[in-house]
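In what follows, a structure is listed as structure tokens, so that the remarks can point back to it.
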Amino acid sequence: MTRVAPSPTGFMHVGGIYAALMSERVAHQSGGVFYLRVEDTDQKRKVDGATKVISNSLSRYGIFADEGVDEDGNSYGPYGSYTQSERKEIYQAYAKKLLEEGQAYPCFCVAEDLDLMRKIQEKQSMRPGYYGRFAKCRTLSDDEILAKLKAGEPWVLRFKSPGNNEKRMLIKDLLKGDINMPENDLDIVILKGDGLPTYHFAHAVDDHLMGTTHVIRGDEWVSSVPLHIQLFVALGWKAPKYGHYATLQKLDNGNKRKLSKRHDPEANIVYFWEKGYPEKALIEYLLNLINASFEDWRNKNPDKDAFEYPMSFNKISNTAGALFDFQKLHSISKEVVARMTADEVYVAVLNWAKEYNAPFAEKLQNNKDYVTAILNIERNIGKKSRKDLIKWEDVEADMSYFFADWVRPDLGEFKDELPLNPDEMRQIGVDFKAVYNKNDDKDTWFKKIQEIAEKHGFATDTKSYKASPESYKGSIIDVANVLRVLVTGRTKSPDLYQIMQIMSDELLSSRL
RNA sequence: GACCCUAUCAUCUAGUGGUUAGGAUACAACCCUCUCAAGGUUGGUACACGGGUUCAAAUCCCGUUAGGGUCGCCA
């Protein structure tokens, strides 16, 4: 039983998908349950429609929760609401229990009191926090409490920590191994002024009630584990097993840092949608980060779905956080796209364009067969399949020259790449047009180009050109490239014969 | 400042006392070739540093350094 527990801030972090994928795999691979809980106890950060963002983000990547919250914010599953703000009474009931047992107490300290406390602690270079003699409200008598309550002073509920900072405890982490930590002695807030619980308290209550057996979360939580275990003990419950993974990092001025919502556009999962990264590519990239042996498995099982990969939990790397590597993602994405059929690519590109490039979507819809034929160039020929398409965003520019509304760049721009002036280039086009026949097979087609090369004083093959470059104006490569530039406006393109086969006669002759 | 985690090629990593330290990405060269991509072949001063333990250390221990994380009525 695992879970993913994002906050509904309207922002889905790519690390959230990473975390969800890990938890989902752990649960489902072992026949367990994976659920989604919405942690909206911070009302300030809550955004309308955010559950939709969460739910859509997960399902888009094929991650489905057995229990949880749907995109409209409705809970499904046996353990009541999976939205924390709707569980207020539950937390309050358990908080009351702790209060009655003397394991919690009301605190009337306001922000200024705490600021002052922190300043004093800083000045005396003491450990900061609400503990020991700084925990002023801990020793309030019942009468004092009643008086303050009566006077209408705002209050929160604090946990009366039984810990001793001098003592140490052993934490068994599923991913990091044994960790020796001091006990927690901070009297942390469990119920805030608005009556909602803090993360720590909600974690204990929910993960117990919802039956979580394995809590897999980012390692920013490691230092809270002693507290969390105290909370479970205080409530009389068994703590779940914890596994803390290192969060995704980003290289910034030579230093690694957390992939940040504020500074890094790629932290937002929407970034990958806008660019049109195939969902499978991101999943495969993340699986590769989770278990490096994924790529070996992928090589051996090129046709299997990534979700069939048997992830091993104990092989999750235990090092500092990995840098998010776009080069690797791109390489994986090329492979993923190369494994798709032209029809599948067409559908994916169209879906992307409908949302992010409406004019292109229209073009795609109006030219379905044509576009599919273009996408099919050098596709599905096994290992040698064309692998240059990374993301859907790039498709429009890639195939722009296949459409009549495209304007070819000025031929003079190619003077550094080709040993001919624009007039000579046009002449080659005219010569080729005179002999071109769409019914020619590739050999015949190429022979005709060779004949033109010879006529214009170019070598008909690269070997003879290399043997005596001074006897020619250039090689067959130059002639082919002239045709390429005339037709596609670029010196680099997919197979020119196939391009000409797909293009309409009118369009082709207008270019030559 | 205190506490915790981590340290193998540029990047992600394999590695659990005996390996020519392996793979993938990136980069470079060559082959193939009408260009590009792909494919094939090959390549590069990677175990942070210093001490131990041991016949033997990337692997175990200690220290140093560096990076990351936490110390909120945010999660």
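In what follows, every chain begins at residue 1, and chains take the letters A, B, ... in the order their sequences are listed.
Within a 6.0 Å sphere centred on NZ of A:Lys261, other residues, nucleotides and ligands contribute more than 12 heavy atoms. Counting non-hydrogen atoms of neighbouring residues, nucleotides and ligands closer than 6.0 angstrom, the NZ atom of A:Lys241 reaches no more than 12 such neighbours.
Base engagement by A:Pro494 is indicated by at least one non-hydrogen atom pair under 4.0 Å involving a base atom. Contact annotation for A:Lys123: no contact, since no heavy-atom pair falls under 4.0 Å across all strands. Residue contacts shown for A:Ser7 are limited to sugar-phosphate atoms, with no base heavy atom under 4.0 Å away. Among the protein residues, A:Pro182 comes within range of the sugar-phosphate backbone only, with heavy atoms under 4.0 Å from sugar or phosphate atoms but none that close to a base.
Comparing B:rC62 with B:rC3, their P atoms are spaced 16 Å from each other, to the whole Å. Taking atom P on both nucleotides, B:rC71 is separated from B:rA38 by 45 Å, rounded to a whole Å. As rounded to the nearest Å, B:rC49 and B:rU8 have P atoms that lie 11 Å from one another. For the P atoms, the distance linking B:rA48 with B:rA7 amounts to 9 Å, nearest Å. A distance of about 27 Å separates the P atoms of B:rA21 and B:rC27, rounded to the whole Å. For the P atom pair drawn from B:rC30 and B:rU35, the interatomic distance equals 14 Å after rounding to whole Å. Rounded to a whole angstrom, the distance from the C1' atom of B:rG63 to that of B:rG43 is 39 Å. One C1' atom belongs to B:rA14, the other to B:rG50, and the distance between them is 27 Å to the nearest Å.
A donor and an acceptor atom never sit less than 3.5 Å apart when one is taken from the side chain of A:Asn180 and the other from the base of B:rC4. One can find a donor-acceptor pair under 3.5 Å joining the base of B:rC36 and the side-chain atoms of A:Arg386.
When the side-chain nitrogen and oxygen atoms of A:Arg158 are compared with OP1 and OP2 of B:rC73, one or more of them lie within a distance under 4.0 Å. For the OP1/OP2 pair of B:rA75 and a distance below 4.0 Å, the side-chain nitrogens and oxygens of A:Thr41 include at least one atom meeting the criterion. Within the structure, a side-chain polar atom (N or O) of A:Lys256 is placed less than 4.0 Å from OP1 or OP2 of B:rC12. Put simply, A:Ser317 has a side-chain N or O that comes within less than 4.0 Å of OP1 or OP2 on B:rU13. Side-chain N/O atoms of A:Lys261 include none lying less than 4.0 angstrom from OP1 or OP2 on B:rA75. OP1 or OP2 of B:rC74 lies within a sub-4.0 Å distance of a side-chain N or O belonging to A:Lys192. Close to B:rA75, at under 4.0 Å from its OP1 or OP2, lies no side-chain N or O of A:Lys44.
In this structure, CD of A:Glu183 is placed 21 Å from P of B:rA2, rounded to the nearest angstrom. Note: OH (A:Tyr130) to P (B:rA2) measures 25 Å, nearest angstrom. Between the P atom of B:rC71 and the CD1 atom of A:Ile120 lies a distance of 21 Å, rounded to the nearest Å. Put simply, CZ on A:Phe324 is 13 Å from P on B:rC12, counting in whole angstrom units. Look at CZ on A:Arg484: it is 11 Å from C1' on B:rU33, rounded to the nearest Å. One atom, CH2 of A:Trp297, and another, P of B:rA14, lie 19 Å apart when rounded to the nearest Å. Across the protein-nucleic acid pair, A:Lys315 atom NZ and B:rU16 atom P stand 10 Å apart, rounded to whole Å.
The partner of B:rU54 cannot be assigned: no Watson-Crick or G-U wobble pair with both contacts below 3.5 Å exists in any strand. B:rG44 is unpaired under the Watson-Crick or G-U wobble criterion, no partner having all donor-acceptor distances under 3.5 Å. In this structure, B:rA7 and B:rU65 make a Watson-Crick or G-U wobble pair, each of the two defining distances being under 3.5 angstrom. Nucleotide B:rC36 has no partner under the Watson-Crick or G-U criteria, as no pair reaches both atom distances under 3.5 Å.
Partner A:His203 forms a ring pair (Phe, Tyr, Trp, His ring centres under 6.0 Å) with one of A:Tyr91, A:Phe232, A:Trp221 and no other, that one being A:Phe232.
Between A:Arg484 and A:Asp495, none of the side-chain N atoms (NZ, or NE/NH1/NH2) sits under 4.0 Å from a carboxylate O, so this pair counts as no salt bridge. The existence of a salt bridge linking A:Lys463 and A:Asp461 is excluded, since no basic side-chain nitrogen approaches an acidic carboxylate oxygen closer than 4.0 Å.
Note: A:Phe326 CZ to A:Ile332 CD1 = 12.5 Å, rounded to the nearest 0.5 Å.
Checked against a 6.0 Å centroid threshold, the rings of A:Tyr465 and A:Phe458 do not count as neighbours.
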